[in-house]
Number of protein chains: 2
Amino acid sequence: MRLVIARCRVDYVGRLTAHLPMATRLLLIKADGSVSIHADDRAYKPLNWMSPPCELVEGTGADGVLWTVTNRSGERLLIGIDEILHDSSHDLGVEPGLSKDGVEAQLQSLLAEQVHTLGEGWSLIRREYPTAIGPVDLLCRDTEGLTVAIEVKRRGDIDGVEQLTRYLELLNRDELLAPVRGVFAAQEIRPQARTLAADRGIECVVVDYEALKGTDDPESRLF
Amino acid sequence: MRLVIARCRVDYVGRLTAHLPMATRLLLIKADGSVSIHADDRAYKPLNWMSPPCELVEGTGADGVLWTVTNRSGERLLIGIDEILHDSSHDLGVEPGLSKDGVEAQLQSLLAEQVHTLGEGWSLIRREYPTAIGPVDLLCRDTEGLTVAIEVKRRGDIDGVEQLTRYLELLNRDELLAPVRGVFAAQEIRPQARTLAADRGIECVVVDYEALKGTDDPESRLF
DNA sequence: CCGTAAATGTCGTCG
DNA sequence: CGACGACGTTTACGG
């Protein structure tokens with residue numbers, strides 16, 4: 001990883017064109033080949049960047065030092081350097097990697113194992129049930145043999161209700177499945193999503209991730 | 001802006017929980033208060049971060065140096081530091097700011113000027129036709145005097161079809177306009193969006209940005 | 001490699 | 001402050 005603090009101006013020509021006038025910025029060059037140009041704000045997002053795979057060529061033009069970064073799509077990042085104030089390289093070694101907990105995939109997995117928390121006596125038909133417009137998170141059968149489509153979200157927003165609505169529309173055309181009703185399951189459901197769901201006849205269920213995880217815990221299973 | 005290269009381990013507790021075992025990484029502390037932890041890959045995205053507004057407290061715990069970053073939502077980023085390999089601060093001064101030249105606004109403008117590329121003999125009623133739920137990109141009249149609502153996107157995704165569907169629902173309630181049909185125009189239309197559009201009776205048109213621009217080009221207008 | 005959905009999305013703008 | 005849409009979205013995952 002190379003860290004450069006430099007007075008520079010930048011032009012990006014690619015999916016859009018963008019320009020940065022001369023100023024002092026951080027140029028971050030990573031081992032994966034990516035280049036990003038940071039100001040002292042905007043959280044972690046750079047002003048400009050080039051994602052890997054790409055190539056950085058340090059050249060000298062009429063106006064002085066010019067770095068040219070290109071990728072295979074022909075996008076270009078041109079960095080004209082006026083003055084370098086700092087330049088250091090560092091070997092970071094191997095990154096062991098990030099472990100995450102609490103994402104939608106886990107929630108879906110836990111609910112698949114414990115569909116009874118959504119409805120008494122329900123059984124799982126399958127996870128990621130395929131349709132023409134994408135997979136339904138969970139497809140279940142209730143005690144009366146009726147089909148239930150379940151959309152799982154970490155945070156239940158209006159988009160999720162729309163998504164489930166589309167699935168229901170399609171599934172209800174399948175004579176073998178119809179009538180199919182919908183359940184919107186999330187750790188938190190926004191009021192607007194709840195309203196829309198009610199309007200569409202979709203049931204909302206707030207799920208307790210910690211409780212599901214607790215029940216799923218191997219320790220607990222012993223009892 | 002402060003740049004620290006350090007052997008560290010990190011825990012994030014917030015919208016999810018995440019953990020990074022001990023390794024060497026870049027800690028980037030910006031003047032806006034943000035903290036981000038970068039490995040030597042993943043383009044510009046950090047492994048972990050805290051967006052401003054937040055507060056960084058450098059403390060010493062039982063296990064050595066511990067940096068605690070918190071925000072107002074109670075999210076926490078805990079950075080345990082084993083060894084600092086580099087630590088430098090830099091005054092970047094004022095950032096003049098980025099200027100962008102967008103594509104999708106121009107696409108709409110070009111199509112407004114050249115609605116005939118969407119349908120033979122069509123005429124523009126108006127751009128940004130207002131409705132209760134937002135403006136329709138383009139409203140046109142075809143050769144038979146029927147109304148056409150057009151949604152313009154750079155990339156045609158399923159969301160755009162949903163958006164147009166909502167407009168059509170509203171516009172068709174207006175007796176003076178109804179019946180209104182829909183056209184989904186984009187440089188690229190995703191298969192899923194295409195399927196949904198077909199299902200909704202919405203026509204898809206792939207537009208050639210370069211060709212439109214070429215036709216619009218002042219040089220070309222001379223002839 | 002393409003297509004799709006998730007994301008600690010982030011970042012504007014507009015009520 | 002919250003919603004709504006755009007983003008050079010990026011990123012991970014599955015066929």
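The chains referred to below are lettered A, B, ... by the order of the sequence lines, with proteins before strands, and numbering in each begins at 1.
Between the P atom of C:dT8 and the CG atom of B:L77 lies a distance of 13 Å, rounded to the nearest Å. In this structure, B:W49 atom CH2 and D:dT11 atom C1' are separated by 11 Å, rounded to whole Å. Between A:E162 atom CD and C:dT4 atom C1' the separation is 18 Å, expressed in whole Å. In this entry the distance linking CG of A:L78 with P of D:dG8 reads 18 Å, nearest Å. The distance from atom CG of A:L107 to atom P of C:dT8 is 14 Å, rounded to the nearest whole Å. Between the CG atom of A:L47 and the C1' atom of C:dG12 there is a distance of 15 Å, given to the nearest Å. Across the protein-nucleic acid pair, B:R194 atom CZ and C:dC2 atom P stand 17 Å apart, rounded to whole Å. In this structure, CZ of B:R72 is placed 18 Å from C1' of C:dT8, rounded to the nearest angstrom.
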Q: Could you walk me through whether A:R194 and A:D157 pass salt bridge (charged side-chain N to carboxylate O under 4.0 Å, His left out), step by step?
A: CA-CA 8 Å; A:R194 199 179 285 276; A:D157 222 325; over 6 Å; no
(Q) Walk me through whether B:D87 and B:R2 qualify under salt bridge (charged side-chain N to carboxylate O under 4.0 Å, His left out). (A) CA-CA 7 Å; B:D87 190 344; B:R2 183 174 172 197; 2.7 Å; yes
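Here the side chain of A:R42 is nearest to one of C:dG12, C:dT8, C:dA6, namely C:dG12. Across C:dT10, D:dC4, C:dC11, the shortest atom-to-atom separation from the side chain of B:R15 is found for C:dT10.
Remark on DNA chain D: of its neighbouring residues B:A43 and B:K153, the 5'-side contact belongs to B:K153, judged by nearest-heavy-atom nucleotide. When each of B:L16 and A:Y167 is assigned the nucleotide of DNA chain C with its nearest heavy atom, A:Y167 is the one assigned upstream, toward the 5' end. In terms of position on DNA chain D, the residue among A:D159 and B:K45 whose nearest nucleotide sits closer to the 5' end is A:D159.
Base engagement by B:R190 is indicated by at least one non-hydrogen atom pair under 4.0 Å involving a base atom. Within the 4.0 angstrom heavy-atom criterion, only backbone atoms of the sugar-phosphate kind lie near A:Q192; the bases stay farther away. Within the nucleic acid shown, A:N48 comes within 4.0 Å of at least one base atom, counting heavy atoms only. Nucleic acid contact class of B:M50 (heavy atoms, under 4.0 Å, all strands): none. Using a 4.0 Å heavy-atom cutoff across all strands shown, B:Y44 reaches sugar-phosphate atoms only and no base atom.
Using C1' as the reference atom, C:dC14 and D:dG8 are 24 Å apart when rounded to the nearest Å. The C1' atoms of C:dC11 and C:dA7 are separated by 14 Å, rounded to the nearest whole Å. A distance of about 14 Å separates the C1' atoms of D:dT10 and D:dA6, rounded to the whole Å.
Side chains of B:H38 and A:K30: a donor on one and an acceptor on the other come within 3.5 Å. Side-chain polar atoms of A:Y209 and A:D101 form a donor-acceptor pair below 3.5 angstrom.
For D:dG5, the OP1/OP2 oxygens have a side-chain nitrogen or oxygen of B:R166 closer than 4.0 Å. For A:R76, no side-chain nitrogen or oxygen approaches OP1 or OP2 of D:dG8 to under 4.0 Å. Side-chain N/O atoms of A:Q163 include one lying less than 4.0 angstrom from OP1 or OP2 on C:dA6. The shortest distance between the side-chain N/O atoms of B:K100 and the OP1/OP2 oxygens of D:dG8 is below 4.0 Å. Close to D:dA6, at under 4.0 Å from its OP1 or OP2, lies no side-chain N or O of B:R155.
Among B:Q163, B:Q187, B:E188, the single residue meeting the side chain to side chain donor-acceptor pair (under 3.5 Å) criterion with B:K153 is B:Q163.
In a base pair of the Watson-Crick type (N1 to N3 plus N6-O4 or O6-N4) or a G-U wobble (N1-O2 and O6-N3), with each distance short of 3.5 Å, D:dG8 is matched with no nucleotide.
A salt bridge between B:D11 and B:R76 is absent, with no side-chain N of the basic residue lying under 4.0 Å from a carboxylate O of the acidic one. The pair A:K213-A:D208 does not meet the salt-bridge criterion, since no charged nitrogen lies less than 4.0 angstrom from a carboxylate oxygen.
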